[in-house]
Structures are given as structure tokens and as C-alpha cells.
Participant: 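Have a look at this one before I ask anything.
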Amino acid sequence: NDKTVFSNNYSSIYKSTNGGKKFKRFSPKTKKGKASTYYRLLAFSPQFTNDKKIYFAGQGFRGRGGLYVSTDGGKSLSILTSKFKKSFIKSVVLSPNFSVDKTIFGLIQIVNDRGQHTRLKIYKSTDGGRHWRSAGKGIPSRYRKDLYISPNYSRDKTIYSILNTI
């Protein structure tokens with residue numbers, strides 16, 4: 001019966017509570033009041049109907065980037081990690097078995113101290129997004145565009161990195 005719909009563009013997320021008839025810019029705040037000014041993407045927990053978790057990627061403007069989580073369907077946010085506070089999170093994918101394995105992958109655009117985008121790296125978290133390590137070796141970083149995860153990830157451990165053309 002829930003008619004909530006989220007949509008996003010390059011820098012904002014929009015929310016509709018009437019099945020998509022009317023959208024309003026969605027700018028949730030953290031409990032401390034600070035949040036990223038720009039959200040580029042979101043990912044829903046595979047168990048969203050039970051856990052109400054939505055993951056938001058706050059972009060690195062003004063040092064407020066990072067991965068945020070809402071546990072109340074998007075009403076409020078908490079920051080999971082500020083590891084990427086000056087970076088751009090290009091893609092986030094959750095394991096289909098997330099409630100058990102807590103696995104998240106992120107495609108992160110690294111930004112240097114001068115604000116220049118330097119390289120794309122794939123990171124992995126196995127604790128729901130609090131701690132991250134580098135993953136995904138073997139593909140030149142400048143070609144990575146997006147990530148997808150196998151529906152059978154618990155068995156085949158496969159993630160897909162979509163590449164830009166040269």
C-alpha cells in the first residue's frame with residue numbers, strides 16, 4: 001500500500017508519496033543536522049520491506065561525502081563511514097543476501113587535495129558499510145563506470161564492473 005517512489009538525477013534525490021504523481025526534492029538530515037548537500041544515488045536493502053534500510057551516497061562537496069544509511073525508510077540519516085568524505089561514490093551495490101553477509105561494494109572516484117578526480121577504485125565492506133578495503137583488481141580504473149552484483153552472489157561471488165568505451 002506504500003506509494004513512496006524515489007528518483008534521482010546527477011546531484012539530487014526526489015521523493016513522491018503518491019505513486020509518482022508529484023515529486024519533491026528529498027534532503028534528509030543526519031541526527032547532527034549535517035548531511036551532504038548532494039546525493040547522487042541510493043540503494044535499497046534487499047530486505048527493505050522488513051528493515052526499511054536505504055543507503056545514500058553523499059558526494060564529496062564541502063567534505064560531506066560518505067555513505068549514509070536510513071533505517072526508517074528515508075526519514076532520517078546516519079553516516080556509516082566518512083572514509084570517502086572528499087570522494088564521489090559512483091555506484092553502490094548490496095549483496096542479495098545482505099541481511100546475512102552484510103556485503104556492500106562501492107565504486108569510488110578518488111579526489112586529491114586540489115579537488116581533482118584522480119582514479120576510480122572498487123571497495124568492499126563486509127560489515128554493512130562501516131569499514132572498507134580495496135577490491136576489484138585487474139581492470140584499469142579509468143574504464144570503470146558502474147557496478148552490478150550477481151543475483152547468486154552468495155554462491156558465485158561475482159560482481160560486474162561496467163566499463164566505458166575508449
Side-chain angles (χ1 to χ4, degrees), residues 2 4-16 26 28 30 35-36 38-61 64-111 117-165:
D2 185 7
T4 303
V5 177
F6 289 93
S7 178
N8 68 324
N9 64 14
Y10 184 74
S11 63
S12 300
I13 294 177
Y14 294 86
K15 181 179 179 181
S16 169
F26 179 67
T30 65
S36 177
Y38 299 98
Y39 296 101
R40 183 143 186 258
L41 56 92
L42 48 93
F44 291 86
S45 163
Q47 294 79 26
F48 177 77
T49 53
N50 296 324
D51 65 19
K52 302 294 184 209
K53 287 185 180 179
I54 307 173
Y55 293 82
F56 296 85
Q59 302 310 308
F61 298 109
R64 292 186 184 166
L67 187 63
Y68 296 81
V69 65
S70 172
T71 57
D72 56 14
K75 293 176 186 155
S76 65
L77 294 179
S78 297
I79 189 147
L80 274 175
T81 183
S82 57
K83 177 179 179 74
F84 310 116
K85 69 181 181 179
K86 292 185 179 179
S87 300
F88 290 85
I89 302 173
K90 298 287 193 177
S91 182
V92 173
V93 292
L94 281 69
S95 164
N97 201 24
F98 179 75
S99 65
V100 175
D101 65 22
K102 306 290 185 224
T103 300
I104 305 175
F105 288 92
L107 181 60
I108 313 299
Q109 177 91 55
I110 307 299
V111 178
H117 298 211
T118 57
R119 63 193 181 283
L120 285 165
K121 288 185 78 176
I122 296 173
Y123 284 87
K124 178 181 181 181
S125 171
T126 55
D127 63 2
R130 297 201 184 281
H131 301 93
W132 295 82
R133 64 177 170 79
S134 184
K137 296 179 182 177
I139 301 170
S141 66
R142 68 181 177 271
Y143 299 123
R144 295 180 186 144
K145 181 179 179 183
D146 209 347
L147 294 177
Y148 294 93
I149 195 162
S150 167
N152 300 312
Y153 178 78
S154 62
R155 285 194 315 268
D156 62 25
K157 303 296 184 212
T158 301
I159 61 165
Y160 301 93
S161 181
I162 306 303
L163 307 176
N164 282 332
T165 56

Participant: Looking only at heavy atoms, what is the nearest atom pair of G129 and S125, with distance?
Facilitator: N-OG, 2.8 Å
Participant: So, for F98 and P46, which heavy atoms are closest and what is the spacing to 0.1 Å?
Facilitator: CB-CD, 3.9 Å
Participant: Please report the interatomic distance NZ(K52) to CG(D72), rounded to the nearest 0.5 Å.
Facilitator: 10.5 Å
Participant: Closest heavy-atom contact between S45 and D51?
Facilitator: OG-OD2, 2.7 Å
Participant: Could you give the distance from CD1 (I159) to CZ (F105), rounded to the nearest 0.5 Å?
Facilitator: 4.5 Å
Participant: Short question: side chain of D127, backbone of H131 - any donor-acceptor pair under 3.5 Å?
Facilitator: yes
Participant: Working to the nearest 0.5 angstrom, can you tell me the gap between Y55 OH and L67 CG?
Facilitator: 7.5 Å
Participant: Mind listing the closest non-hydrogen atom pair of P151 and P96 along with its distance?
Facilitator: O-CG, 3.7 Å
Participant: Quick one: pull up CD1 in I79 and CZ in R130 and give me the separation to the nearest 0.5 Å.
Facilitator: 10.5 Å
Participant: Show the numbers, then the answer: is there a side-chain contact (heavy atoms from CB on, under 4.5 Å) between I149 and L94?
Facilitator: CA-CA 7 Å; I149 195 162; L94 281 69; over 6 Å; no
Participant: If I compare all heavy atoms of S95 with all of D101, which pair ends up nearest, and what's the gap?
Facilitator: OG-OD2, 2.7 Å
Participant: Could you grab the distance from atom OH of Y153 to atom OG1 of T103, nearest 0.5 Å is fine?
Facilitator: 5.0 Å
Participant: Say whether, by atom type as modelled, one donor and one acceptor occur between the side chain of S91 and the main chain of L107 under 3.5 angstrom.
Facilitator: no
Participant: Using 0.5 Å steps for rounding, measure from the CG atom of L80 to the NZ atom of K53.
Facilitator: 8.5 Å
Participant: Flag the pair I104 / W132 as yes when at least one side-chain heavy-atom distance between them is below 4.5 Å, and no otherwise.
Facilitator: yes
Participant: Testing F44, Y14, F48 for ring-ring contact (aromatic ring centres under 6.0 Å, His included) with F6, which one passes?
Facilitator: F44
